[in-house]
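Before any comments, here is the structure.
By convention in this document, chain letters (A, B, ...) are assigned in the order of the sequence lines, proteins followed by strands, and residues within each chain are numbered from 1.
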2 protein chains.
Amino acid sequence: MKTLPGLENVQTFLALAQDLNFRRTAERLHLDQSALSRRIQKLEQSLGFRLLDRTTREVSLTQAGQQFYRDNAELMRGYDESIQAARRVAEGKAGLLRVAYMAFAATELMPSAMLRFRQAHPYIDVRLEYIRTQGQKIALANGDVDIGYMIGPFDHPDFTALQLSSEPLYIATPRNHPLLLRPRIVPSDLVGQAIILGNMREWEEYRWRLNDMFSGEGIALNVTLEASNTLALNGLVAAGLGITIYPESLIGFLGRNVEVRQIMHPAFRSRTVLVWKRSNRSPQVQAFVQVAKQIGVHAP
Amino acid sequence: MKTLPGLENVQTFLALAQDLNFRRTAERLHLDQSALSRRIQKLEQSLGFRLLDRTTREVSLTQAGQQFYRDNAELMRGYDESIQAARRVAEGKAGLLRVAYMAFAATELMPSAMLRFRQAHPYIDVRLEYIRTQGQKIALANGDVDIGYMIGPFDHPDFTALQLSSEPLYIATPRNHPLLLRPRIVPSDLVGQAIILGNMREWEEYRWRLNDMFSGEGIALNVTLEASNTLALNGLVAAGLGITIYPESLIGFLGRNVEVRQIMHPAFRSRTVLVWKRSNRSPQVQAFVQVAKQIGVHAP
DNA sequence: GTTTATTGATGCACGAAATGCATCAAAGTT
DNA sequence: AACTTTGATGCATTTCGTGCATCAATAAAC
């Protein structure tokens with residue numbers, strides 16, 4: 001391992017960069033001004049370039065100093081977090097696991113995995129967070145969460161994705177809808193049907209997938225109304241304004257004023273995948289994957 | 001600024017954690033074994049928990065030590081990079097800017113912005129990378145790139161998105177196609193047309209957007225064939241197997257054996273947005289945005 | 001224009017802290 | 001049972017960082 005220059009004094013530099021005044025900073029660090037002056041000199045010398053321009057009257061960051069400050073302020077925050085993470089582990093908590101989930105995993109997959117996970121690993125702290133599929137990809141890449149339940153498929157070299165379920169889709173209609181008379185519903189039955197869906201902002205990924213399924217069958221997805229929440233969606237359907245399409249895991253949460261029928265078609269399914277960063281080899285993640293994969297129902 | 005414990009000795013710990021042997025590591029660091037032993041003791045003491053289990057015969061990382069090693073190996077890599085970045089700045093290079101782009105920005109937007117950027121900021125190194133929209137979101141979040149041209153719209157609190165262009169879509173048909181007889185092409189003309197598109201893996205975002213436009217008009221997007229590259233796409237269209245849909249910026253790259261017509265509809269357009277992390281305030285990014293926004297054609 | 005106050009840098013003596021050497025106890029190997 | 005290798009520890013030595021006093025440069029005050 002190559003030894004990195006100046007590491008000892010980075011904190012000192014950061015403190016100085018904050019108020020750009022040797023005497024004040026020195027006082028704040030309970031240090032003599034001369035000592036501070038020399039620390040910075042030493043840091044600059046070991047780096048090989050200047051971080052600060054100093055006249056006898058004022059101090060300012062050089063371009064390089066600004067760059068160095070931005071980067072290292074961030075890194076020191078990261079170091080602080082790494083200590084806290086390790087301390088949690090040392091204190092018997094086997095660590096922290098941050099799990100993201102979206103609506104389709106919220107009713108079955110996530111809760112039952114969580115139940116078994118808590119039993120198997122009571123000392124791992126779990127932090128749950130509701131994030132939609134698109135946001136999860138970003139949160140995972142950022143390291144804001146460790147693992148996420150999202151709408152699949154998801155394919156990316158930096159991530160591992162494990163398909164947990166593939167559930168059929170259902171239509172939800174008003175109670176007296178003509179479609180209910182049919183013995184079985186297939187996609188072509190939906191041609192020309194007025195369809196009500198959640199709006200793009202909230203349901204982006206799901207709607208894209210639906211669009212894809214429909215166009216795969218050569219059927220226009222005729223969205224006549226959008227709703228921003230599930231209650232409104234249910235109400236609009238019950239009132240006879242159209243039908244909606246729900247994955248199996250959510251139909252239990254529809255009101256009794258609507259009827260549901262499964263769409264019988266191999267492509268009309270919603271897949272849920274568990275995704276984590278390939279580089280994240282923490283035991284918490286591995287343990288969770290182990291548990292979660294046993295919960296997967298209707299797995300591929 | 002709170003002072004962070006143990007920072008001086010983290011590198012030493014990392015070196016030791018790599019071969020888990022005090023004597024060998026000490027030698028590698030040109031240090032006495034006793035000194036190394038004490039450094040680690042001191043680090044552990046300042047952290048308040050053990051990092052290593054040591055018997056007189058073998059050394060192993062504790063759980064906390066593993067966690068600490070994983071996190072800090074990463075951080076030290078980051079520190080090394082921060083030095084190099086600052087050094088580049090110090091050497092007169094005004095820094096490094098990593099730009100990602102996708103196909104639709106590759107012909108006009110990105111190259112002309114790049115031209116003007118190099119003239120205005122000759123000392124900023126630019127690294128260009130071809131990444132598709134979905135991958136860019138992840139690369140941005142990871143900090144692998146600074147800024148990206150992607151298919152819009154894109155809305156996320158962590159990012160700033162600037163719409164640069166909104167270009168019309170065109171159909172590309174074989175030379176003798178009946179649609180060419182119409183005075184103008186509107187979306188409803190495409191009902192029932194056999195459409196050939198790039199496959200999902202490569203064209204995911206574009207296809208989703210197309211799906212969305214079509215379903216917005218209540219038209220089925222009837223994809224009869226998929227191709228994995230542009231040449232094949234062009235060939236299949238020319239051979240009369242169907243038509244394809246291209247944004248304006250790419251029609252110049254189609255062969256002479258196909259004809260193009262603009263789709264006349266306000267929603268049938270492709271938007272290109274420039275996206276960067278809101279937290280990334282580096283002057284390179286700001287400078288690039290400044291230049292790129294002046295290039296934007298047909299801006300909103 | 002002179003004085004005064006404040007800035008960061010520097011010479012020097014001191015002291016804390018890290019190092020190297022020698023040695024020890026523990027544990028596997030022969 | 002003798003030997004080797006492991007990491008820990010006591011102690012003398014050296015290194016290195018610190019505080020104090022002071023300096024030169026510069027801006028503000030008079």
Side-chain angles (χ1 to χ4, degrees), chain A residues 1-66 68-69 72 76 90, chain B residues 1-66 68-69 90:
Chain A
M1 158 170 270
K2 182 182 58 181
T3 175
L4 300 169
L7 191 55
E8 325 78 50
N9 293 324
V10 173
Q11 281 185 93
T12 311
F13 165 71
L14 294 180
L16 175 59
Q18 275 163 22
D19 59 3
L20 294 172
N21 179 310
F22 279 72
R23 287 197 134 79
R24 271 204 302 278
T25 306
E27 192 172 355
R28 197 152 58 90
L29 299 179
H30 310 294
L31 209 90
D32 191 88
Q33 171 266 133
S34 66
L36 173 59
S37 184
R38 286 199 171 88
R39 279 196 190 177
I40 300 300
Q41 286 171 22
K42 191 181 172 196
L43 173 61
E44 288 180 324
Q45 191 173 1
S46 67
L47 290 174
F49 50 87
R50 296 213 149 277
L51 294 169
L52 297 149
D53 283 324
R54 18 215 196 285
T55 70
T56 55
R57 293 304 292 178
E58 74 175 344
V59 178
S60 62
L61 288 167
T62 62
Q63 289 285 324
Q66 289 176 32
F68 196 72
Y69 176 74
N72 285 104
M76 286 305 136
Chain B
M1 158 169 272
K2 182 182 59 181
T3 174
L4 301 169
L7 191 56
E8 325 78 49
N9 293 324
V10 173
Q11 281 184 93
T12 311
F13 165 71
L14 294 180
L16 175 59
Q18 276 164 19
D19 60 2
L20 295 172
N21 178 309
F22 279 72
R23 289 196 133 81
R24 272 204 302 277
T25 306
E27 192 172 354
R28 199 150 58 90
L29 299 179
H30 311 292
L31 244 164
D32 191 86
Q33 171 267 134
S34 67
L36 174 58
S37 183
R38 286 199 170 90
R39 278 196 190 177
I40 300 299
Q41 287 172 23
K42 191 181 172 196
L43 173 60
E44 288 180 325
Q45 192 173 0
S46 68
L47 289 174
F49 51 87
R50 296 211 149 277
L51 294 169
L52 297 148
D53 282 324
R54 19 210 194 289
T55 70
T56 56
R57 293 305 293 179
E58 72 174 347
V59 179
S60 62
L61 288 167
T62 61
Q63 290 284 323
Q66 289 175 31
F68 196 73
Y69 176 75

Q: Please list, in 5' to 3' order, the outermost nucleotides of DNA chain D lying under 4.0 Å from any heavy atom of chain A.
A: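 Footprint of chain A along DNA chain D, 5' to 3': D:dG17 to D:dA27.
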Listed partners of [X] passing side chain to side chain donor-acceptor pair (under 3.5 Å), at least two apart:
| X | result |
| --- | --- |
| A:Thr25 | A:Asp19 |
| A:Gln41 | A:Ser37 |
| B:Asn21 | none |
| B:Ser34 | B:Asp32 |

Q: Can you run down the ring pair (Phe, Tyr, Trp, His ring centres under 6.0 Å) pairs that involve residues 20-50 of chain A, sequence neighbours left out, and say none if there aren't any?
A: none
At a cut-off of 3.5 Å, list every protein nitrogen or oxygen paired with a nitrogen or oxygen from nucleotides 26-30 of chain C, distance to 0.1 Å.
residue : atom : partner : partner atom : Å
C:dA26  : N3   : B:Thr56 : OG1          : 3.4
C:dA27  : O4'  : B:Thr56 : OG1          : 3.1

Atom [atom1] of [X] and atom [atom2] of [N]: how far apart are they, to the nearest Å?
| X | N | atom1 | atom2 | result |
| --- | --- | --- | --- | --- |
| A:Asp53 | C:dT7 | CG | C1' | 15 Å |
| A:Arg23 | C:dA5 | CZ | P | 14 Å |
| A:Glu8 | C:dA17 | CD | P | 17 Å |

(Q) Listing request: all salt bridge (charged side-chain N to carboxylate O under 4.0 Å, His left out) pairs with a residue in residues 7-17 of chain A, at least two apart in sequence or in separate chains. (A)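 Found none.
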Q: Go through residues 30-48 of chain B and report each residue with a non-hydrogen atom lying under 4.0 Å from DNA chain D, sorted by number.
A: B:Gln33, B:Ser34, B:Ser37, B:Arg38, B:Gln41
Q. Excluding sequence neighbours, so at least two apart, what forms side chain to side chain contact (heavy atoms under 4.5 Å, CB included) with A:Ser46?
A.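 Checked A:Ser46 against side chain to side chain contact (heavy atoms under 4.5 Å, CB included); matches are A:Pro5, A:Leu43.
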**Q.** Those residues that, when tested against B:Thr55, pass side chain to side chain contact (heavy atoms under 4.5 Å, CB included) (two or more places apart)
**A.**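 If we apply the side chain to side chain contact (heavy atoms under 4.5 Å, CB included) test to B:Thr55, skipping adjacent residues, the hits are B:Arg57, B:Glu58.
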Q.
Tell me every residue that passes salt bridge (Lys or Arg N to Asp or Glu O under 4.0 Å) with B:Arg54, counting only those two or more places apart in sequence or in another chain.
A.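 Scan of B:Arg54 (salt bridge (Lys or Arg N to Asp or Glu O under 4.0 Å), adjacent residues dropped) gives B:Glu44.
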Q: Indicate whether the side chain of B:Arg50 and that of B:Thr62 have a donor and an acceptor atom separated by less than 3.5 Å.
A: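 B:Thr62 and B:Arg50 do not have a side-chain donor-acceptor pair below 3.5 Å.
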